[in-house]
Amino acid sequence: MNTDLSWVLNDVLEVRGARHAVLVSGDGLLLQRSDDISRDDAETNAAAMSSMQSLSRAVAGFVGSGNGVWKQTLLEYDGGWIFLSAAGQGAYLAVSAAPDVDMEAVSFRMQKTVVALSKAMSVAPRSAGGGAS
């Protein structure tokens, strides 16, 4: 199985203004990074994004529904945006973007990327009677 999934992450960067993408585990490990971010920067941000998703999930009830489920966090800075969303069980996708990025386009592309990641990381089940003993 090809474990280099940077090609999937690079796809989200096709949106004008999208800068970097990282795939993060729930415990802060860098699972994958787009081509344009150094490993050191990606690992530092992976740890931070793991903490951010944990905080975001912890305050999900603040939306008032009583059992809100966290889906995405959006952070705004003078220099741009960070989008953080769930990318399967125990994995999170973070994308940084310029201040003038089309936010809807980034969110949509992230959703497509999560679907592509789930397909790329899945393994077909073995057939019941197909093995030789």
Any chain of hydrophobic side-chain contacts (each under 4.5 Å) joining [X] to [Y]?
X: Leu9; Y: Val106; result: yes
X: Met110; Y: Leu84; result: no
X: Val22; Y: Tyr77; result: yes
X: Val12; Y: Phe108; result: no
X: Leu29; Y: Ile37; result: no

With rounding to the nearest 0.5 Å, note down the distance linking [atom1] in [X] to [atom2] in [Y].
X: Leu30; Y: Leu23; atom1: CG; atom2: CG; result: 8.0 Å
X: Leu55; Y: Trp70; atom1: CG; atom2: CH2; result: 11.0 Å
X: Gln72; Y: Gln111; atom1: CD; atom2: CD; result: 7.5 Å
X: Gln32; Y: Leu93; atom1: CD; atom2: CG; result: 11.5 Å
X: Phe83; Y: Leu75; atom1: CZ; atom2: CG; result: 10.0 Å
X: Asp41; Y: His20; atom1: CG; atom2: NE2; result: 7.5 Å

What are the two closest heavy atoms between [X] and [Y], and how far apart are they?
X: Val24; Y: Ala46; answer: CG1-O, 3.2 Å
X: Arg33; Y: Ser38; answer: NH1-C, 3.9 Å
X: Ala21; Y: Val95; answer: CB-CG2, 4.1 Å

Donor-acceptor side-chain pairing of Ser34 and Asp36 below 3.5 angstrom =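 Yes, because at least one side-chain N or O of Ser34 sits under 3.5 Å from a partner of the opposite role on Asp36.
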In chain order, what residues pass the salt bridge (Lys or Arg N to Asp or Glu O under 4.0 Å) check against Arg57, with sequence neighbours excluded?
->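 By the salt bridge (Lys or Arg N to Asp or Glu O under 4.0 Å) rule, Arg57 matches no residue at all.
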Sequence-distant partners of Arg109, salt bridge (Lys or Arg N to Asp or Glu O under 4.0 Å), two or more places apart |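 Here the qualifying residues are Asp11.
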Worked check of side-chain contact (heavy atoms from CB on, under 4.5 Å) between Arg19 and Val101 = CA-CA 10 Å; Arg19 294 177 175 153; Val101 74; over 6 Å; no
Can Ile82 and Met52 be said to form a side-chain contact (heavy atoms from CB on, under 4.5 Å), step by step?
-> CA-CA 11 Å; Ile82 295 175; Met52 187 57 62; over 6 Å; no
May I ask you to decide if [Y]'s main-chain N or O and [X]'s side chain share a donor-acceptor pair within less than 3.5 Å?
X: Asn10; Y: Asp35; result: yes
X: Trp81; Y: Ser96; result: no
X: Ser54; Y: Ser50; result: no

